Amino acid sequence: MTTSFGTLTAAVDSERLTKSADRGYNYDPYGKSVPAPNAYSLWKTVDVRDIPDGIRNPSDIYVHDDEVYILDNGGNRIVVLDHDLIYVRSIEPEHANGISDGYGLFVHSDDTIYITLYDQKSVLVIDSEGKVLKVIGPPESPLIPSGMAYRPKRMVISDDNKIYLVAEGVYYGVIQMDLNGGFQRFYASNTVEPGIKSFLSNMYRSIFTNEQQRRTSRVLPYEYSSIDIDQNSFVFTTVASDLSSSGQVKKHNPAGENILGLMNPSEVGANVIIGTGKYGDHEVNLTSAGYVTSLLNDIAVDDKGFIFVLDTSRNKIFNYDQENNLLSVFGTAGNVYSALVEPVAVDVLGDKCLVLDRKDNSLKAYAPTRYGSLLREAVSMYNSQEYEAANDMWLEISVKNNNLSIAHNGIAEAALGRGDHGTAMKHFAIARNKSGYNEAFLQSRTLLLNRVAPYLFIVGTVILIGLWLVISRSTKKVIRSISKEEILHDIRPTYAMIHPLDAFEKIKSDGKGNTIYATTTIIFIFAFRLVSLNYTSFLFNPVNPQTINFAYELLQFFLLFLVFTLCSHAVTSFIDGKAFYKETIIVCSFALAPYGLSLILSTTLSHILSLNEAVFFSLIKQIGVYWSALMILVGLMKVNRYSFKKTVLSFVLIILMILFVIFLFVLAYSLVMQFASFIEDIIKEVRYRV
Amino acid sequence: MIDYVEKNKLLIMSTKILVSFLSMAVCFVSVSCMSSAPVEGPVDHDALYSEHPDSGYEFIVSDGTLDMFLDRSTGQFYIQDNVNDVRYYSNPPGSDNDMIANNYYKMNMKSQIEIRYLNPKLVQETINNFVGSINKGNYTVSINDSGFRFEYDFVDEGFVVPVEYYLHDNNFYAEIIIDDIIEYKDNLLLEVILLPYFAAHDGADDGYIVIPDGCGAVIDVSDRIPNAGSYSGSVYGRDSSLNIIRSTTDLPNQVTLPLFGIVDGNSGILAVIEDGDAHARIYASPIGVNTSFASAGASVTVRNSDTALLKEMTGVEKSVTVFNPAIAAGFTFKVAYAFLDEDTANYSAMAEMYSRRLFGNNEVTVDRKSLIVDLLMTVRIRKNFLIFPYEGLEVLLTSNDVREVSDRLVEIGYSDHIIKVSGWQKDSLYGKTRTAFSPAPETGRITDFARLAEDMSGRGSILVPGFDLLNIYDFAGSVRKNDAVRNVSGGFLEIFMFRSSTYLKNTEIKPVNVLNSNKFASYYSAFTGSVTGIFSMIADDTGANLLPSDNHRNTNDEYAVSRQDVMENYFGAFNSALSDNVSLMFDDPRGYALDCAHTVTNLPGSTSGYKGFSEEIPFVQMVLSGKVNYTGEPLNLAMDMQRSLLKMIEYGEIPYFQLSELTDKLHFLPTRFNENYSINLSYYLDKIEDISEFSRPYIDAVKGSRIIRHERIDDNIYLSEYSNGTIVYVNYGSDQYLADEITVLPRNYRIGGKS
């Protein structure tokens, strides 16, 4: 259900009740959810009405030979459905202890059925009639730590007959066994995430006694929550915790390494998170119990390599391609008929996604919509680098979903392939794809250079010589005039940049500092900063210009300047500084002139340079920053009549004082906010109760 | 809170107790007199009464076709439909032996009303009149010319609830006199459910319950849907001032029309809430959920209450019950029950009955159009002047562009189209409340729009400016904070957007306030006045779907405006437009606005999602068919355009699109504009041309007629029959289907019948 333009508003949107919890969405490159057409829709629900005696408390499904196997714990059986999800038969294992604690289900290519039994700490192997072939107990090996908890959850078997099993309490990795249960190794071990917590924990533990160590909690690697295997025997795993920064979803090569292509956050720019290995929902909500995030507890991969991940926290399925692009999100929590109540397992049947609901005792099948089918096809072609062939599809997809960034990537790749660099850059920019944009930009620039190269050398040489002649003469004149002027008049920032020692000395000794120049300088620098934020090329701009807050930037810049100058004056006054506050202001503002200049230069250069030459961009910015820092140091030394050593000392003290002031600011802000909140609550309470 | 209740209510309660005792005494005397008065009625019914097999029932009254019988000792009654020889019981017989109902529901099955109230600890409780009144003998009954009146006295709870039951014009009526309700203890009455088991279906015959939830749905008595639970839904959607939505996973069900129906073999009832509809809820229960019966009933909310969140010093939120001090006043809650026969015991006939009730008996009244296009003209985005950011208009379409679109539609063959323009305002959609048609200069002058409207009118098309007076995005001009509706906790009603990911409020987008209904009415007439003579129709985007009670307390500490009064104020506004000869187009309208509409868009195409529904039906569409131009969701934003097109044909709707021209600046804006994920005008104009070829036969065949029958004839195969004899078969399946010797191709439709 949608709204009209006039009512695409908060007011009515929340009033629309028809399945509105089931609305499709995706994420923009910055991790904000944006509406999208549904790529999958509920195709069929199989519940107790469709299966003799129904299913009770089911825990897993597995699709094998176009048949769907459901592990029906309550019924102590396996229910088999055909590809239309019609009941075919049930298999009742002849296992004395039953399978009510069954957790995972796998059907081998030879029709042998493997059931992981959580409480019985074993894997039950039966034939297609239910006859018990063997029971595989906990793995035994000197490599296995004694006392390792072992609660088998889910397992798969590769083409070369190796069992890969994930179990609760096993944080050493996936257990790899032979078909008889003989332990082979821990596969794809997760490592402890380096971080402050692990660092501190290890530090404490090193000084604890053994007994103390035993009593303290350890920082351990995250254990796997589920596992699946594709037709090429690549193993896919999920980690439930979203705190795992190395990715909750992994595709392992035979060595156990993750081979899902993750983009480095630095490559895509600040705030851009798509493709960087963040899975599940990016938006979280805070409750009294803490942050509610996605818990990825099952995974399935279809024949075309599309990955389906089950979020048991918000009852959704996230659909990714093998480039980590989120294609769609479907399923919903709530009480509507299509809602998932307690989903426990996911698998794929052709292009359909099956989700088992333990509490609802049902199996829900989602089929791709027309938009979803188109998306699957386009992604398949894109990932096999058939960009041009996929172009028309991407164009149609972008019309159907203007909010889908990978559609713009697809259009851009095709445009790049046919040499339409302008279109390519435009769409790469929309998709925030820096590497793609860079490639298009490079090609475009090379073409341009090739076109003008024959003339460039001659024209360039003539221009350079001319410039050199003009500049060398005029510069001398300017420098002379500046020098002459500065003797007669107040010091200007341009002079200070070139002759900082002399300029700052004259400001102190001859009183040649001018606050108007200083104020103008600082205003210009702020303006340059805004220019830099707004007009730096997409390749080098770390922020989204749409989200720049003028007031915040203004406050941040001038507050920081004010705090620095005040702290500086306070500190230097305390340690025998001779500077007046006016002189400190003038020095600091003049000293920022190189920084401002570097902003303008780098902003201009950002439109000429590619990422390959990013070092020049950074160099200019760094020169500006260091030059300014040096000027502040020199300026403070001069106006305070400090030695170099004392200047450095004062500088350190100034930094410490700034940190202290910021701390006080934060503290005061927090107190004020708490007080405001308290007052607001009192008003509310009075209103409710009186 | 208890202290508050005790202290503040003490005086009022004492007075009320005194008053109630006095009134009860008066009632007792009068009832004694009335009860002993001879009952007037045809003589042969006395004979019928003496021969009646149901001992305890006495004949009360007859209107010729219906007879009413009452058992005074239990309060139970039944209506005898003499024409069809069917008896409709207020309570299912044999409830004590019900195999499914537990003791609580067994008692409920013996009751005529059930009440929900807050006890002094502000905990909600429920009790039925059998347990709370009848069984204790605390009631009075008085017989009158047309029926009888019960006053159920819940002595322990401290309420007297008067209900009148009577026959009138071949219908049976049940009416709660809200103004006569007495509260004489510290409990606070919240809701009264009326006749929850009247005409309950025992499952012996085929049948179903009809609920106009969303587009409409049926609960088949033979369907045993697991985990379905009972159904309850607010008539006209929830009151936004109550039950503040905190998550989209908890969205309540929404009933579009104030009615429900029960079909039991060749008989049944159609219950229409004739008064108090804005405070009503519909309840239904499939067989096997609570009892062995399928039942449905209506309730009235007499006092607004809600839970508000209060943050404690620890940061943990605690819920607090908040409520209005007084019971809503000034209306009764009246439900009319019509009895169905062999010909009318189906949902198609019910829809026609309600349509006649709503629009009168004229056969077809609407000048049916063939296409509706909603064009977004501007969007407000962040722009930069050099380095200075500002909010500015991004003009997507001008009046000249709209003219071109209209010309193109005529070329394609849609000469009788409707174009609605949105975002023509000076500050686009989400700015100040505009009470006059004053377009942004960048989109065109008033004269440009006027000329366009005139030209379009000349060829049978209509240009319609869309407006939104209810939502307050910006308190500016004459709209002040005090003009905003307050919710039941006393704070201003704020309506948020919700995130699809977390299901929670999107606090990054500013919530909007809602204008109170008095101001709304005055602004409405101002806006209508400004367009009179320019436009023949205006599109109201919110007045037909946002119906919040205004809990601003007046000096008497009572409601300022109840939801029923808000609805009346809206009616006043709508009628002021109609009296100015300006037709109205509504977006996603609820039942209360339908009889004022010329055209409606965004009618729900599905239900709220209650698990117990067996099937979705186009009930609302059938009510509107032939009377109003109507359409569902825009095809360009549909999940599956082909399927939506077929559904449009099945439901008798008009093709509808929401379009605009996108610019490069509009990608991933952190604004509401992201909702428009598929509105590319040039792309969809071509699509409209394609669709025209597909849907033209249907549009031509059904024009000027209304749906008289709708039926599912097989899995994925639906039939809609029109008053001109046209039958439209729709096949959603992947195999072709042979229907009445007509082959319907997969995912296609065919025209059959007379035409």
Side-chain angles (χ1 to χ4, degrees), chain A residues 1-21 23 25 28-29 32-38 41 47-49 281 283 285 288 333-334 336-338 360 369-370 399-403 426 430 527 530-531 534 546-548 550 681 684-685 687-690, chain B residues 1 4 214 226-227 237 245 248-249 251 254 308 310-311 316 320 322 374 376 382 384 387 389 422-423 466 468 471 489-490 495-504 509 511-512 541-542 545-546 587 601-602 604 606 608-609 611 633-634 637 639-640 658 667-668 672 674-675 677-678 680 683:
Chain A
M1 190 69 193
T2 54
T3 62
S4 80
F5 286 131
T7 54
L8 279 176
T9 62
V12 180
D13 201 60
S14 62
E15 298 305 303
R16 288 174 195 281
L17 306 177
T18 308
K19 298 176 191 164
S20 55
R23 291 177 61 194
Y25 69 97
D28 72 9
K32 302 277 181 196
S33 59
V34 284
N38 287 83
S41 63
D47 58 31
V48 294
R49 292 172 296 176
D281 269 324
E283 290 169 330
N285 53 287
S288 53
V336 295
Y337 72 88
S338 59
D360 201 37
T369 60
R370 190 172 152 64
V399 168
K400 288 184 182 301
N401 183 7
N402 188 42
N403 292 336
K426 182 180 120 181
I430 292 169
L530 285 182
V531 167
N534 278 301
Q546 275 292 335
T547 58
I548 295 167
F550 182 80
D681 288 343
K684 261 190 193 172
E685 186 147 358
R687 202 172 63 210
Y688 293 159
R689 293 176 189 266
V690 178
Chain B
M1 196 68 198
Y4 158 70
N227 309 322
I245 297 285
T248 49
T249 56
L251 291 175
Q254 173 179 293
L310 207 60
K311 208 179 280 179
V316 176
V320 180
V322 289
D374 186 351
L376 177 63
R382 179 200 156 104
N384 275 345
I387 54 169
S422 305
D468 166 13
N471 291 320
S489 66
I495 302 183
F496 284 83
M497 296 278 283
F498 283 80
R499 289 188 196 280
S500 305
S501 58
T502 60
Y503 308 121
L504 301 178
I509 294 179
V512 296
D541 287 330
T542 49
N545 54 40
L546 198 56
D587 183 68
T601 55
N602 263 315
S606 54
S608 304
K611 286 182 180 174
E633 63 176 347
L637 294 176
M639 193 160 64
D640 180 340
Q658 284 182 8
H667 292 290
F668 304 125
R672 295 187 178 100
N674 276 333
E675 298 279 338
Y677 52 76
S678 181
N680 191 309
Y683 174 86

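Each chain gets a letter, A, B and so on, in the order the sequences are listed, and its residues count up from 1. Keep in mind that this is a model prediction, so the values were computed, not measured.
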Heavy-atom closest pair, residues A:Y25 and B:S500 = CD2-CB, 3.3 Å
Where B:P226 and A:R49 come nearest, the two heavy atoms and their spacing | CD-NE, 3.5 Å
Which heavy-atom pair separates B:P389 from A:F550 by the least distance, and what is that distance?
-> CG-CB, 3.4 Å
The side chain to side chain contact (heavy atoms under 4.5 Å, CB included) partners of B:T502 (sequence neighbours excluded) come to A:E283, A:N285, A:R314, B:R499, B:L504
Between the main-chain N or O of A:A333 and the side-chain N or O of B:Y503, is there a donor-acceptor pair closer than 3.5 Å?
-> yes
A:A527, part contacting chain B, at a heavy-atom distance under 4.5 Å | both
All heavy atoms of A:Y337 vs all of B:K611, minimum pair found to be CA-CG, 3.5 Å
Among the listed options A:V48, A:T369, A:V399, the residue most often paired with chain B at heavy-atom distances under 4.5 Å = A:V399
Among the options B:N384, B:N680, B:D640, pick out the one with the most heavy-atom pairs lying under 4.5 Å from chain A.
-> B:N384
Structural part of A:N401 lying under 4.5 Å from a heavy atom of chain B | both
For A:D360, side chain to side chain donor-acceptor pair (under 3.5 Å) partners two or more places apart | A:S362, A:K364, B:N227
